[in-house]
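What follows is a short report on a single structure.
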Amino acid sequence: SDAERTIFFDRTLPHMCALALRLPALFPSGVPLLLRGRARDVDLTAEQCGCLMAHAFFCTFPGRLVAPEDAAQPTRTAAPPAGAPLLPYFSWVYLHGEGALSDPTMLQKWRCLLGYFDARALRAASADADAHASRTVTFTRLVGDTSELSLTGSNDGAWSECDAPLCDVRASASGVIEDAPAGTLQLDFANRRVGGGVLRHGCVMEEIRFLCCPELVVARLLAEELADNEALLIRGFDTYSKHTGYAGSFRHAGPARPE
């Protein structure tokens with residue numbers, strides 16, 4: 001609409017440009033990575049996450065994967081040096097692509113992601129701007145002892161020989177993951193390249209979760225693809241959008257809360 005176009009060019013885009021230009025100040029030592037086989041935490045502020053997401057919009061990170069996520073031999077935008085980490089692409093280039101906005105699902109992705117930036121622009125102009133900008137988002141790469149993967153055998157990690165009690169589990173047939181109470185651990189079993197097809201055509205569980213909470217997308221810049229004994233734990237992120245539907249019926253349903 002004309003109103004949305006005005007908001008984008010007068011408020012959202014200038015904020016995105018300002019965020020992107022702060023990269024040298026926000027990352028004086030470069031962007032830290034979570035490499036395969038190395039357990040590590042990376043703490044970023046909400047402002048740093050916004051800066052990196054702005055660069056994803058402007059497609060400024062070269063040398064990332066550019067092939068579909070299920071490709072057997074991913075390719076890159078440029079030949080990587082020997083031993084370079086296998087990092088997912090971190091760019092909106094496919095969302096900008098010819099015909100993308102004729103795809104109803106891609107249009108809804110744009111609404112979620114631009115809604116995130118507009119919410120950030122409003123928060124930056126609020127009385128609580130510093131508190132919003134300094135909120136910490138923690139990305140943790142967890143690396144499990146491979147012996148713990150064994151179901152049988154004589155080693156101490158074999159599950160069949162473990163007598164430790166399982167924790168209590170409560171299952172609910174109603175509700176959605178977005179409405180889970182604070183402190184709840186949300187599990188997603190999906191793509192070894194975190195975020196799956198969130199910046200392409202994918203739009204199922206993992207992608208929808210990342211679209212509604214775009215700070216999660218930053219994990220694609222940080223984390224090398226996961227091995228079978230690894231997981232990525234993300235804490236402190238915020239939810240910016242509501243949604244309805246799934247896959248082809250996915251729709252952006254407005255901001256998660258008024259700004």
Side-chain angles (χ1 to χ4, degrees), residues 19 23 26-27 30-57 61 64-65 69 85-92 109 112-113 115-117 119-120 123 131-144 167 175-200 202-243 250 255-257:
L19 275 173
L23 183 71
L26 293 174
F27 295 93
V31 178
L33 298 178
L34 295 167
L35 300 178
R36 198 168 188 175
R38 305 179 193 177
R40 182 187 178 187
D41 292 341
V42 169
D43 291 331
L44 299 179
T45 65
E47 184 178 21
Q48 286 177 308
C49 290
C51 172
L52 296 175
M53 285 294 290
H55 277 273
F57 171 85
F61 283 98
R64 314 289 293 193
L65 294 176
E69 293 293 64
L86 194 60
L87 295 162
Y89 62 89
F90 185 69
S91 169
W92 290 28
K109 288 189 175 190
C112 288
L113 294 169
Y116 158 71
F117 282 114
R120 282 204 47 81
R123 293 180 185 185
H132 288 308
S134 61
R135 173 173 49 85
T136 300
V137 183
T138 301
F139 301 82
T140 303
R141 192 179 191 106
L142 303 173
V143 183
C167 63
V176 294
I177 193 170
E178 291 84 1
D179 294 335
T184 301
L185 182 64
Q186 304 175 11
L187 296 179
D188 171 41
F189 300 92
N191 204 303
R192 69 184 185 276
R193 298 174 192 141
V194 179
V198 63
L199 298 179
R200 283 181 67 101
C203 198
V204 288
M205 178 181 174
E206 183 168 12
E207 290 85 357
I208 291 172
R209 203 72 198 92
F210 278 51
L211 289 167
C212 292
C213 309
E215 288 159 342
L216 298 176
V217 180
V218 174
R220 293 182 61 81
L221 179 67
L222 308 178
E224 191 174 11
E225 66 179 36
L226 300 173
D228 290 343
N229 65 321
E230 294 182 320
L232 193 67
L233 175 64
I234 309 174
R235 294 163 288 175
F237 61 90
D238 202 357
T239 301
Y240 289 84
S241 294
K242 296 184 292 186
H243 82 280
F250 172 77
R257 60 178 180 273

task: Without swapping roles, check the side chain of Glu206 against the backbone of Gly195 for a donor-acceptor pair under 3.5 Å.
output: yes
- prompt: Is Val31 close to Leu52 at the side-chain level, that is, under 4.5 Å between some pair of heavy atoms?
  reply: yes
query: Looking at Glu224, Arg141, Arg40, which hits side-chain contact (heavy atoms from CB on, under 4.5 Å) with Leu35?
result: Glu224
field: Nearest atoms (heavy-atom pairs only) where Arg200 meets Lys109
entry: O-NZ, 2.6 Å
message: Assess the residue pair Asn229 and Val143 against the criterion (side chain to side chain contact (heavy atoms under 4.5 Å, CB included)); give the C-alpha distance rounded to whole Å, side-chain angles, the decisive distance to 0.1 Å, and a yes or no.
response: CA-CA 6 Å; Asn229 65 321; Val143 183; 3.8 Å; yes
task: Start with the C-alpha distance between Met53 and Arg120, add both sets of side-chain angles, then the distance that settles side chain to side chain contact (heavy atoms under 4.5 Å, CB included), and finish with yes or no.
output: CA-CA 11 Å; Met53 285 294 290; Arg120 282 204 47 81; over 6 Å; no
task: Would you mind reporting whether Phe237 and Val217 have side-chain heavy atoms less than 4.5 Å apart?
output: no
query: In terms of ring plane angle, is the pair Tyr240 and Tyr116 parallel, tilted or perpendicular, where the classes change at 30° and 60°?
result: perpendicular
Heavy-atom closest contact (Arg220 atom, Leu199 atom, distance): NE-CD1, 4.2 Å
- request: Starting at CG of Leu216, measure out to CD1 of Ile234 and round the result to the nearest 0.5 Å.
  value: 5.0 Å
message: Going by salt bridge (charged side-chain N to carboxylate O under 4.0 Å, His left out), name the residues that satisfy it together with Glu215, two or more places apart in sequence or in a different chain.
response: Arg135
task: Quick one: closest heavy-atom pair of Leu222 and Val42, and the distance?
output: CD1-CG1, 4.2 Å
- prompt: Any idea which heavy atoms bring Thr239 and Arg257 closest together, and the distance?
  reply: O-NH1, 3.7 Å
query: Are Leu232 and Leu34 close enough, and set up right, to give a side chain to side chain contact (heavy atoms under 4.5 Å, CB included), and what steps lead you there?
result: CA-CA 9 Å; Leu232 193 67; Leu34 295 167; 3.8 Å; yes
field: Nearest heavy-atom neighbours spanning Glu207 and Val198
entry: CG-N, 3.3 Å
- request: To the nearest 0.5 Å, tell me how far Gln48 CD sits from Leu19 CG.
  value: 11.5 Å
task: Mark yes when over 12 heavy atoms from residues, nucleotides or ligands other than Arg38 sit less than 6.0 Å from its CZ; otherwise mark no.
output: no
statement: For Cys51 and Leu26, the nearest pair of non-hydrogen atoms, with its separation, is CB-CD1, 3.7 Å
query: Got a sec, which residues hit ring pair (Phe, Tyr, Trp, His ring centres under 6.0 Å) with Phe250, two or more places apart in sequence or on another chain?
result: His243
message: What verdict does the side chain to side chain contact (heavy atoms under 4.5 Å, CB included) test give for Phe210 and Leu113, after you've listed the backbone C-alpha separation in whole Å, the side-chain angles of each residue and the deciding distance to 0.1 Å?
response: CA-CA 10 Å; Phe210 278 51; Leu113 294 169; over 6 Å; no
Spacing of Ile177 atom CD1 and Leu187 atom CG [to the nearest 0.5 Å]: 8.0 Å
